[in-house]
Amino acid sequence: MAVCIAVIAKENYPLYIRSVPTENELKFHYTVHTSLDVVDEKISAMGKALVDQRELYLGLLYPTEDYKVYGYVTNSRVKFVMVVDSSNTALRDNEIRSMFRKLHNSYTDIMCNPFYNPGDRIHSRAFDSMVNSMMMQVC
């Protein structure tokens, strides 16, 4: 089950963070921000190979005792981070990849909105409902 989904700007500040158990919200914020170091390491390790921008999925960033953290980066260096409950062994890598594609498509829809200023926090009911459906779908 996905317990936290975050959209992080190119400059590493949060555009959107949503977590399911709200009592652990600060813990998930910390987990997301610590994963940004791993994302930057993976991007710099790819180096010139990242010129071929077809593979945006970074895979498993790191596991913890209770959670697994996955990453995805867009062509414009916006990062998506998903924290998944590690007790859910039925969730496969290609399912997480498709969840990131859905998240990227919804983010693209927001960017196409003429009333959205790039770099502002995301306040969209459509995006919220899509994230909620992704979190409930995996349950």
Side-chain angles (χ1 to χ4, degrees):
M1 150 175 167
V3 292
C4 180
I5 295 176
V7 179
I8 309 296
K10 179 181 178 180
E11 295 83 16
N12 290 340
Y13 61 88
L15 296 175
Y16 181 88
I17 295 182
R18 170 85 179 180
S19 57
V20 172
T22 55
E23 62 271 359
N24 290 338
E25 191 169 359
L26 186 61
K27 178 182 178 180
F28 292 128
H29 280 254
Y30 177 74
T31 304
V32 166
H33 285 287
T34 55
S35 68
L36 293 178
D37 292 334
V38 180
V39 169
D40 288 338
E41 286 176 17
K42 285 197 172 204
I43 290 173
S44 65
M46 287 183 194
K48 302 294 183 195
L50 202 61
V51 172
D52 182 29
Q53 292 288 332
R54 282 177 256 158
E55 186 54 47
L56 305 171
Y57 177 64
L58 298 175
L60 179 68
L61 299 178
Y62 68 91
T64 63
E65 292 177 14
D66 302 323
Y67 305 106
K68 292 180 182 175
V69 182
Y70 292 91
Y72 185 95
V73 64
T74 66
N75 292 336
S76 59
R77 298 291 187 254
V78 173
K79 300 153 195 89
F80 299 136
V81 177
M82 187 179 304
V83 182
V84 177
D85 192 7
S86 60
S87 65
N88 188 357
T89 57
L91 196 60
R92 293 193 182 358
D93 202 46
N94 60 354
E95 293 169 346
I96 293 187
R97 190 183 303 251
S98 71
M99 289 170 65
F100 275 123
R101 280 195 205 109
K102 281 171 67 176
L103 191 65
H104 192 181
N105 288 339
S106 293
Y107 177 74
T108 304
D109 290 343
I110 289 173
M111 294 303 292
C112 291
N113 182 351
F115 298 108
Y116 176 74
N117 293 326
D120 289 351
R121 291 185 60 81
I122 297 173
H123 298 288
S124 168
R125 283 187 229 143
F127 192 77
D128 278 338
S129 66
M130 189 279 310
V131 168
N132 287 336
S133 71
M134 279 178 42
M135 288 180 152
M136 296 303 152
Q137 168 192 355
V138 178
C139 294

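These values consider heavy atoms only, across backbone and side chains, with no hydrogens, waters or symmetry-generated copies.
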* Asked: Should Leu26 and Val83 be regarded as members of a common hydrophobic cluster, given that ILVMFWY residues are connected when their side-chain heavy atoms come within less than 4.5 Å of each other, either directly or indirectly?
  -> no
* Asked: Okay, side chain of Ser35, backbone of Val32: is any donor-acceptor separation there less than 3.5 Å?
  -> yes
* **Partner residues of Ser87 under the side chain to side chain contact (heavy atoms under 4.5 Å, CB included) criterion, sequence neighbours left out** => Asp85
* **By side chain to side chain contact (heavy atoms under 4.5 Å, CB included) - contacts of Ser129 (at least two apart)** => none
* Let me see the working for Met134 and Val131 under side-chain contact (heavy atoms from CB on, under 4.5 Å), right down to the final yes or no. => CA-CA 5 Å; Met134 279 178 42; Val131 168; 5.6 Å; no
* Nearest-0.5 Å distance, NZ of residue Lys10 to CD1 of residue Ile8 -> 15.5 Å
* Report yes if the side chains of Thr64 and Ser86 come closer than 4.5 Å at any heavy-atom pair, otherwise no. => no
* What pairs with Tyr70 under ring pair (Phe, Tyr, Trp, His ring centres under 6.0 Å), at least two apart in sequence or on another chain? -> none
* Val3 vs Tyr67, side-chain contact (heavy atoms from CB on, under 4.5 Å): CA-CA, chis, key distance, verdict -> CA-CA 9 Å; Val3 292; Tyr67 305 106; 3.7 Å; yes
* Asked: For Val39, which residues count as a side chain to side chain contact (heavy atoms under 4.5 Å, CB included) partner, sequence neighbours excluded?
  -> Ile43, Leu58, Leu61, Lys79
* To do: Sorted by first residue and then second, give each salt bridge (charged side-chain N to carboxylate O under 4.0 Å, His left out) pair with at least one member in residues 104-125; sequence neighbours left out.
  => none
* To do: Using a cut-off of 6.0 Å, state whether more than 12 heavy atoms not belonging to Tyr62 lie near its atom OH.
  => yes
* Residue pair Phe127 / Ser106: nearest heavy atoms and the distance that separates them -> CD1-CB, 3.7 Å
* Asked: To the nearest 0.5 Å, what is the distance between CG (Asn105) and CD1 (Ile110)?
  -> 11.5 Å
* Structure fact -> Interatomic distance, OH@Tyr107 vs OH@Tyr16, rounded to 0.5 Å, equals 14.0 Å
* Apply the test side-chain contact (heavy atoms from CB on, under 4.5 Å) to residues Lys27 and Asp66: give CA-CA distance (whole Å), side-chain angles for both, the deciding distance (0.1 Å), then the verdict. => CA-CA 12 Å; Lys27 178 182 178 180; Asp66 302 323; 3.9 Å; yes
* Specify whether Tyr72 and His104 have parallel, tilted or perpendicular ring planes, treating 30° as the upper limit for parallel and 60° as the lower limit for perpendicular. => perpendicular
* Asked: How long is the span from the OH atom in Tyr57 to the CG atom in Asn94, to the nearest 0.5 Å?
  -> 9.0 Å
* Would Ile122 and Ile17 show up in the same hydrophobic cluster when neighbours are defined by side-chain heavy atoms closer than 4.5 Å? -> no
* **Shortest non-hydrogen contact from Met135 toward Ser19** => CE-CA, 4.2 Å
* Might you point out which heavy atoms bring Gly119 and Leu15 nearest each other, and give the distance in Å? => O-CD2, 3.5 Å
* Hey, what do you get for CE (Met130) to CG (Leu103), rounding to the nearest 0.5 Å? -> 4.5 Å
* Same apolar cluster (I L V M F W Y, side chains within < 4.5 Å links), Tyr30/Val38 -> no
* To do: Could I get the full list of salt bridge (Lys or Arg N to Asp or Glu O under 4.0 Å) partners for Asp128, not counting sequence neighbours?
  => none
* Asked: Distance from Arg18 atom CZ to Met82 atom CE, nearest 0.5 Å?
  -> 14.0 Å
* Asked: For Val20 and Phe28, what are the C-alpha separation, side-chain angles and deciding distance, and is it a side-chain contact (heavy atoms from CB on, under 4.5 Å)?
  -> CA-CA 10 Å; Val20 172; Phe28 292 128; over 6 Å; no
* Structure fact -> Heavy-atom nearest pair, Glu95 first then Arg92, reads OE1-N, 3.0 Å
